[in-house]
There are 2 protein chains.
Amino acid sequence: MKSGQASIRDIAKALGVSVSTVSRALKNHPDISEETCRKVQEYAQSVHYRPNAMALGLKNQRSMTIGVIVPEIVHHFFSSVISGIEDMAYGNGYRVMICQSNEDYRREVINVQALMDHRVDGLLVSISKTTLDYNHFSDVIQHDIPIVFMDRVCNEISSDRVITNDFEGARLVVTHLLERGCKKIMHLAGPQHLSVGRDRFEGYRQALKEFNIPLDEEYVLRCDTPGKLHARRNQILSLAPKTDAVFAVNDFTAVAAMRLLQDNDYRVPENIRVAGFGDDPVATMVRPALTTVEQRGYDMGKEASRMLINRLTDDKDKNFQTKTYPAFLKVREST
Amino acid sequence: MKSGQASIRDIAKALGVSVSTVSRALKNHPDISEETCRKVQEYAQSVHYRPNAMALGLKNQRSMTIGVIVPEIVHHFFSSVISGIEDMAYGNGYRVMICQSNEDYRREVINVQALMDHRVDGLLVSISKTTLDYNHFSDVIQHDIPIVFMDRVCNEISSDRVITNDFEGARLVVTHLLERGCKKIMHLAGPQHLSVGRDRFEGYRQALKEFNIPLDEEYVLRCDTPGKLHARRNQILSLAPKTDAVFAVNDFTAVAAMRLLQDNDYRVPENIRVAGFGDDPVATMVRPALTTVEQRGYDMGKEASRMLINRLTDDKDKNFQTKTYPAFLKVREST
DNA sequence: AAAGACACCGCAAACGTTTGCGATAGTTTT
DNA sequence: AAAACTATCGCAAACGTTTGCGGTGTCTTT
């Protein structure tokens, strides 16, 4: 017995018919007699025939595959996004090819390359923190491969987008802190060249402004990972006595900050309040549970996938859309 | 300008040579003159030529793609595994196609199907909780597609495996609890048809045995997610007063148990000790930090990928191997 | 009985690539 | 000067599939 999977040609040979007849019989083409269809289909079934996706892709000039590039799959947000993408894609007959940039620009370029080599029909991308040049994406678009950016979007490229209302989310949570009576709110900020980092900072700034509190740059730290937080622990602890609250750009950093403060005998929220962004599962696992802003990764992935598939099928030349998910405040124990 | 990516034929046409010449020139075949090689390569460069992976796959009868099936990508352990797989695979010229079974047997079968349709060269699998039948895997192996099982292995199929020493890990952590003086240790167990669930239970049983403590079935609950824990909260709380410690089959469940206990005025570890398994990042984020067993997902993924690629290239007919990672106890504040 | 209609099926090209083999020159050897 | 060799290149098949077109044979219509 041949070890490889059966091809349409194997079936043709076994049944003494031509490959075209087999091909047509398998899809009940009216030109083929019922008798032949039955025999072909039965035989195909018996040898577990399955069409070769590569051959189909070559022939049809579309791979039915969507390429996905995210910074790091280990972040719950991004893995949720991927789950959403997968569910929508598989439901529409598309396969998904996932790559991680590991927040590395060069890796991102290589990822794009690899996906293009596989002739993916479209791309779903969340750009890395270190990406400042976008030519690899414009190359893709020049080849008529549509891209939908998710969360970490790229404003320099006109395309579809799926984002959270980061500005409003940050404004909401900082307003919440101000309403609790906080005057001096530290912001652990993300990279300002990314829209998510910038918008959350702007939301922070706006909330302060609405409460007539001047922005104190000293209390805005570029610090968006537990690692960076640890590296700047002394700076943060020296600021802490004068601080009412901490608003971190993501939940990991917020939790790390909370632990740092608690380990130094601050009580949360009594002495200092802490809030994050993203509503990671960890937010409900820590004590006190973390106040944060909901970010619906699964839905965003699903929507991005839907937009891409739509562009791949129906309306190729529709104007680019930006789907913005509203931000919901999740008030918990930490504030 | 043509929108699609340039093919070897486009280059041939543009330069007035044959496709075979282009193909050879691109790889500096000695039959082709330096002059021609240079011209072809320069032109290919200028149009950003990249070989079509599907065409290559068809021709070479190997896709250079590895299929991966994991239960749920949102679990840190599995996303670490995937990172390890990716790094090793990409480093060896392989691409990775990732599927989630969502702990659903039927979905797993579909995943296998989809990956076979794409003619992946090999499979990396962690089986779902609901999988009791393994014919979809033996079909794959009959087609000469090697499988390496990771963590959630399948003993009914002879294949390569990468696992953690679950038995020893559980024995270690339970022994640790017993050494702390615990007499009545509750076990929140995983599915017993999965080796991970069974081995961890056996390790628990063995540790008790070594301390001459009889196993009390009443204190062994099938409960391996925060959701199930919540559903059985009353049962757990009624057992709690007589309980010294809780050993959960994974960290999420352990953390959920810890929260449940804390919310009901138990103090951890003073009144009751809690331990998990897996060393998820959340273990260090909660207070008290969770004692657990390290499980090196990234390394396991990397190793599984390495074993698969090895079998794909060097030694196709080598005996099947099982790589067992030792279990290390991580003692933290919760015990 | 000739002609059209119909049912059923095969040929071959195409998708992009590789590769064994043959072809054409020019150059060297005898 | 014939033979042999070398350098350089093209033809065509193959991988698995789809599909337009053409080709049978049978049946119905006039």
Side-chain angles (χ1 to χ4, degrees), chain A residues 2-41 43-44 47-65 93 116-121 143-144, chain B residues 2-41 43-44 47-65 93 116-121 143-144:
Chain A
K2 277 187 60 177
S3 63
Q5 280 132 293
S7 77
I8 228 172
R9 196 186 314 272
D10 296 328
I11 301 179
K13 213 168 292 176
L15 263 41
V17 295
S18 74
V19 291
S20 37
T21 298
V22 175
S23 174
R24 291 188 172 97
L26 285 173
K27 26 186 81 63
N28 288 312
H29 192 285
D31 267 10
I32 309 297
S33 70
E34 277 191 34
E35 165 82 3
T36 308
C37 280
R38 195 184 46 74
K39 284 206 303 199
V40 168
Q41 287 173 14
Y43 186 79
V47 297
H48 297 110
Y49 169 76
R50 297 245 76 212
N52 184 319
M54 292 186 295
L56 279 180
L58 240 200
K59 176 70 186 159
N60 300 333
Q61 295 293 83
R62 49 204 298 252
S63 59
M64 295 301 283
T65 300
M116 291 297 282
D117 286 359
H118 276 264
R119 302 299 191 267
V120 293
D121 296 333
H143 282 299
D144 265 2
Chain B
K2 276 187 59 174
S3 63
Q5 279 131 295
S7 77
I8 228 172
R9 196 186 313 270
D10 296 329
I11 301 179
K13 212 167 292 177
L15 262 44
V17 296
S18 73
V19 291
S20 37
T21 298
V22 175
S23 174
R24 291 186 172 100
L26 286 173
K27 28 187 77 64
N28 287 314
H29 193 283
D31 267 10
I32 308 298
S33 69
E34 276 190 37
E35 165 83 1
T36 309
C37 281
R38 195 184 45 74
K39 284 205 304 200
V40 168
Q41 287 172 16
Y43 187 79
V47 296
H48 298 110
Y49 168 75
R50 296 246 78 211
N52 184 319
M54 291 187 295
L56 279 179
L58 239 201
K59 177 69 186 159
N60 301 333
Q61 296 291 82
R62 49 204 295 253
S63 59
M64 294 302 283
T65 300
M116 291 297 282
D117 287 357
H118 275 265
R119 301 300 190 266
V120 293
D121 296 334
H143 282 300
D144 265 2

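Applying the 3.5 Å distance criterion, the base of D/dG16 shares no donor-acceptor pair with the side chain of A/Arg50. In terms of polar N and O atoms assigned as donor or acceptor, the side chain of A/Arg9 never comes within less than 3.5 Å of the base of C/dG10 in a complementary pairing. Residue side chain B/Arg24 reaches the base of D/dG10 through a donor-acceptor N/O pair under 3.5 Å, judged by distance alone. Counting atom types as modelled, B/Lys59 pairs a side-chain N or O with a base atom of C/dT18 as donor and acceptor under 3.5 Å.
Atom NZ in B/Lys39 sits roughly 13 Å away from atom P in D/dT8 (whole-Å rounding). Put simply, CD1 on A/Ile32 is 13 Å from P on C/dA7, counting in whole angstrom units.
Residues A/Asp31 and B/Pro51 both approach DNA chain C. Their nearest nucleotides, taken by heavy-atom distance, put A/Asp31 toward the 5′ side. Where B/Gln61 and B/Gly16 meet DNA chain D, the nucleotide closest to each residue was compared, and B/Gly16 sits on the side nearer the 5' end.
Each of D/dG16, C/dT19, C/dC9 was ranked by its minimum atom distance to the side chain of A/Ser7; first place goes to D/dG16.
When the side-chain nitrogen and oxygen atoms of A/Gln5 are compared with OP1 and OP2 of D/dG16, none of them lie within a distance under 4.0 Å. Regarding contacts with the backbone of C/dC9, every side-chain N or O of A/Ser18 stays at 4.0 angstrom or more from both OP1 and OP2.
Nucleic acid contact for B/Ser20: base, since at least one base atom lies under 4.0 Å from a heavy atom of the residue.
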